[in-house]
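Here the structure comes first, spelled out in structure tokens, and everything after it is commentary.
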Amino acid sequence: MDVSHIFDQLNDAQRDAVAAPPGPMLVLAGAGSGKTRVLTHRVAWLVEAQQVSPLSILAVTFTNKASHEMRGRIEGLLGFPVNGMWMGTFHSIAHRFLRVHWREAGLEQGFQILDSDDQLRLIRRTLRQLNLDEGYWPPRQVQWYINAHKEEGRRPHHIPESEDRQQRELCRIYKTYEELCQRFSLVDFAELLLRTHELLDTNEPLRTRYQERFRHILVDEFQDTNSIQYHWLKLLAGANRNIFVVGDDDQSIYGWRGARVENILKFEKDFEGTTVVRLEQNYRSTGNILKAANAVIDHNRGRLGKNLWTQDDEGEPVKVYAAFNETDEARFVIDRIGRWVDAGNARRDVAILYRSNAQSRVFEEVLLDVGMPYRVYGGLRFFERAEIKDALAYLRLVSRRQDDPSFERVVNVPTRGIGNKTLDQVREYARVNQLSMWDAARALLHGHELSSRAILALTRFLELIDGLADNCRGLTLAEQVEAMLKASGLVAHHQKEKGEKAEARVENLEELVSAARNFEHDPEDGQDPLAAFLSHAALEAGEGQAEQWEDCIQLMSLHSAKGLEFPLVFLTGLEEGLFPHQRSFEEPGRLEEERRLCYVGMTRAMRELYLTYAEVRRLHGREAYTSPSRFLGEVPTDLVTEVRGGSALTRSGGRDFRSPAAEDAAAPSMRLGRHVKHSTFGDGVVLNIEGRGEYARVQVNFETVGSKWLVLAYANLEVV
DNA sequence: GGGTTAACCTTTTTT
DNA sequence: AGGTTAACCC
């Protein structure tokens with residue numbers, strides 16, 4: 001068979017990787033070096049040239065987006081769909097596995113997935129049950145504790161008995177949380193992985209079966225695997241050792257959620273005779289951008305070492321802009337985008353990147369102001385919205401009455417006269433008799449503990465759910481969702497509210513019906529359509545906004561930008577404390593991760609890269625002075641041009657980025673936003689600085705007399 | 001029991 | 001600042 005089309009567009013190193021003989025294979029692929037290409041071509045090569053059945057291939061990615069893209073590209077290469085291939089995120093594959101083997105895994109058939117928000121709620125409930133104070137045991141920290149242990153493969157009984165009372169107590173919370181999960185048949189994200197691993201580890205026939213089935217395993221973004229995922233891969237790769245992993249230690253940015261870069265080093269030891277291929281030719285960025293990014297990442301110790309090069313021209317220098325504040329930063333960025341678009345370029349080719357999602361707001365405001373279409377990735381996802389989760393909780397309850405968290409969530413939403421007093425009694429009855437809330441409520445209807453009003457209200461709720469379950473038989477998924485929205489009164493509830501937000505909620509609920517209608521359910525996967533839809537909602541939270549084909553500016557966090565590329569990139573908010581983030585200062589390891597994040601951001605740019613920072617930034621409601629990020633200082637000055645306002649000035653010499661720009665422009669003691677005192681005008685805030693030396697003037701907004709321009713040399717301002 | 005206001009807490013990144 | 005939960009009044 002002619003397989004030349006698989007090799008046509010590859011360079012030598014890529015070709016070596018794609019056509020490597022069976023056995024363990026580690027591809028160290030720098031940013032923009034054709035990582036996904038190697039992976040997809042490898043699959044195509046296995047299937048076409050080696051006659052490997054897609055059924056015996058397992059391909060793992062980290063994000064749903066990457067998985068969809070990979071499938072599309074493989075099918076494009078092969079020219080036919082690869083339905084039988086197991087391909088998806090670690091979590092979705094684990095879920096698929098547990099669905100088939102729910103019995104062996106000790107689960108109920110209809111088990112549901114907890115997303116982080118659900119998990120947090122359940123932890124709160126656990127704390128309540130143990131009579132622990134949330135103030136003393138912050139639920140988020142408990143959540144972190146539990147997930148960290150699960151990601152390392154530790155159950156409560158694996159945790160060594162500690163001298164520390166607090167540690168012992170945390171372990172007890174973990175244990176109780178697990179019991180609740182088991183009782184309600186709920187599985188959190190980390191549990192999906194851990195259960196799968198334990199099942200493969202202890203059940204030898206099953207392990208052998210899957211080892212024989214998955215003759216070839218391919219892993220994308222290998223630097224992001226955590227302990228449990230790595231062990232899982234080792235188990236599956238088993239004796240045949242056909243495991244092909246692709247990764248880049250410089251792009252490891254998920255250490256905070258348990259990813260272990262060391263897995264790259266361990267891989268070579270654990271799989272003896274590993275072939276290592278390095279992909280160092282970058283096909284994405286200009287010479288200057290690449291040199292700048294290389295220079296930054298070079299400040300990290302503990303790298304495997306790799307230097308990207310390109311045949312591309314030097315291109316434009318990297319541009320740096322020092323903004324007065326975050327609004328000025330946004331205006332500058334959008335002004336530059338305006339010029340870019342005026343020059344005939346597409347808006348979709350521009351990305352605004354930031355460290356944390358909260359930073360998108362200012363950009364959104366300015367974009368709305370100038371009427372430029374944009375799209376924000378990340379942030380609140382569709383299936384994470386409160387009203388959607390309410391609706392899903394109804395559906396979960398219809399599908400499984402024993403789901404206590406869902407029961408609690410919607411029993412009184414919209415309000416139907418089932419208050420805390422009634423619920424406390426139900427909870428107590430459930431606890432004493434080891435029943436679910438549902439069964440406890442039903443039992444209490446026939447007792448004398450509840451008031452007649454409560455009994456009436458509860459009866460109506462139970463009948464509502466039972467009635468829905470009855471009526472849903474034979475209906476399509478979308479019809480079921482519609483029936484639920486109507487009967488529960490959720491839509492009516494939000495329609496009664498006023499304000500834009502309420503309207504958006506109603507629209508979202510309507511959108512849920514469309515989502516159900518468009519949901520493609522594979523009849524072979526063994527779940528009923530409703531259950532499949534619910535897992536889909538938990539596993540794939542959906543994009544923040546509906547897919548838009550309009551040509552618009554892309555806004556996203558640095559983390560979600562990984563794997564993407566854009567001709568024009570703005571990397572914003574380069575300030576100490578913001579990026580690198582405050583919480584990375586404590587450990588050097590965290591700081592290096594921030595630097596890798598910076599590297600990821602810079603290497604997204606193909607033709608032009610802007611780095612911006614603000615001298616004053618409003619954060620958490622406080623105005624704060626900032627100093628430029630250390631990462632700015634790590635870019636060699638000859639690659640950079642500093643831009644001010646409208647005109648670009650070439651930087652002369654290496655200015656120290658740690659000293660704010662306004663200081664050398666005017667008097668050393670004056671800075672924008674600084675509070676000052678004048679002998680006659682009183683207290684005020686510096687709005688603007690102009691000129692230098694004895695001609696320096698400042699604009700001050702005084703509390704009593706408003707804004708005035710003053711010549712600094714005569715004004716005798718006192719810094720407060 | 002329901003609705004409003006006040007205090008409070010959090011606020012990195014994502015499956 | 002923003003959103004959420006707890007206290008408080010109707």
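Below, read A as the first sequence line, B as the second, and so on, with proteins coming before strands; counting in each chain starts at 1.
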message: Checking A:Glu463 now: which residues fulfil salt bridge (Lys or Arg N to Asp or Glu O under 4.0 Å) with it, not counting sequence neighbours?
response: none
- prompt: Just checking A:His581: base, sugar-phosphate only, or nothing, at a heavy-atom cut-off of under 4.0 Å?
  reply: sugar-phosphate
field: Short side-chain N/O contact from A:Asn412 to OP1 or OP2 of B:dG2, under 4.0 Å
entry: yes
Side chains of residues 452-462 of chain A: which donor-acceptor pairs under 3.5 Å do they make with residues two or more places apart or in other chains?
unit_1   : atom_1 : unit_2   : atom_2 : d
A:Thr459 : OG1    : A:Ile455 : O      : 2.5

query: Using the P atom in both, what is the distance from B:dT11 to C:dA6, to the nearest Å?
result: 16 Å
query: Base, sugar-phosphate, or nothing: which does A:Asp115 touch, judged by heavy atoms less than 4.0 Å apart?
result: nothing
NZ/NE/NH1/NH2 to OD/OE distance under 4.0 Å, A:Arg590 and A:Glu594: no
- line: Sorted by chain and residue number, the side-chain hydrogen bond (donor to acceptor under 3.5 Å, both in side chains) partners of A:Glu428 (sequence neighbours excluded) come out as A:Arg431
query: Counting side-chain heavy atoms from CB outward, which of C:dA1, B:dT11, B:dT13 is closest to A:Arg618?
result: C:dA1
message: For the base of B:dT13 and the side-chain ring of A:Trp256, does the geometry meet a stacking cutoff of under 5.5 Å between centres and under 30° between planes?
response: yes
task: Let me know, please, whether A:Glu594 or A:Asn64 comes out on the 5' side of the other along DNA chain B by nearest nucleotide.
output: A:Glu594
field: Salt bridge flag under 4.0 Å for residues A:Arg630 and A:Glu575
entry: no
field: Test side-chain hydrogen bond (donor to acceptor under 3.5 Å, both in side chains) applied to A:Asp390 - qualifying residues, sequence neighbours left out
entry: A:Arg409
statement: Taken to the nearest whole Å, CG/A:Leu353 to C1'/B:dT13 is 13 Å
query: Can you tell me how far P of B:dT14 sits from CG of A:Asp188, to the nearest Å?
result: 19 Å
- request: Please state how far atom CG in A:Asn226 lies from atom C1' in B:dT15, giving the value in whole angstrom units.
  value: 10 Å
Nearest-angstrom distance from the residue atom CG of A:Leu120 to P of B:dT14: 17 Å
message: Applying a 4.0 Å non-hydrogen cut-off, can you work out what A:Ser560 is touching in the nucleic acid: base, sugar-phosphate, or nothing?
response: sugar-phosphate
message: Can you identify which nucleotide, out of B:dG3, B:dT13, B:dT15, has its nearest atom closest to the A:His91 side chain?
response: B:dT15
- prompt: Could you give the CG-to-C1' distance, from A:Leu114 to B:dT14, as a whole number of Å?
  reply: 16 Å
task: For residues A:His95 and A:Phe189, establish whether the separation of their ring centroids is below 6.0 Å.
output: no
Restricting to nitrogen or oxygen on both sides, can you table the protein-nucleotides 3-10 of chain C pairs closer than 3.5 Å?
unit_1 : atom_1 : unit_2   : atom_2 : d
C:dG3  : OP1    : A:Lys501 : NZ     : 3.1

message: Just checking A:Trp232 against A:Tyr230, ring centres under 6.0 Å apart?
response: no
task: Remember a base hit wins even if backbone is also touched, and classify A:Arg416 as base, sugar-phosphate or nothing at under 4.0 Å, heavy atoms.
output: sugar-phosphate
query: When we call it a touch if two heavy atoms are under 4.0 Å apart, what does A:Asp224 touch: a base, just sugar-phosphate, or nothing?
result: nothing
task: Mind calculating the distance between OH (A:Tyr254) and P (B:dT13) to the nearest angstrom?
output: 10 Å
field: Side chain of A:Arg140 (C-beta onward), nearest among B:dG3, B:dT11, B:dT15
entry: B:dT11
task: Find which nucleotide of DNA chain B each of A:Ser116 and A:Arg453 is nearest to by heavy atoms, and output the residue with the more 5' nucleotide.
output: A:Arg453
Listed partners of A:Tyr394 passing side-chain hydrogen bond (donor to acceptor under 3.5 Å, both in side chains), at least two apart: A:Arg416
query: Considering only B:dG2, B:dG1, B:dT15, which nucleotide approaches the side chain of A:Thr422 most closely?
result: B:dG1
query: Which part of the nucleic acid does A:Phe62 contact within heavy-atom distance under 4.0 Å: base, sugar-phosphate only, or nothing?
result: sugar-phosphate
- line: A:Leu597 CG to B:dT14 P, in whole Å, measures 10 Å
message: In whole Å, I'd like the distance from the CG atom of A:Leu564 to the P atom of B:dT14.
response: 12 Å
task: Report the nucleotide, chosen from B:dT13, C:dG2, B:dG2, that has the shortest atom-to-atom distance to any side-chain atom of A:Asn357.
output: B:dT13
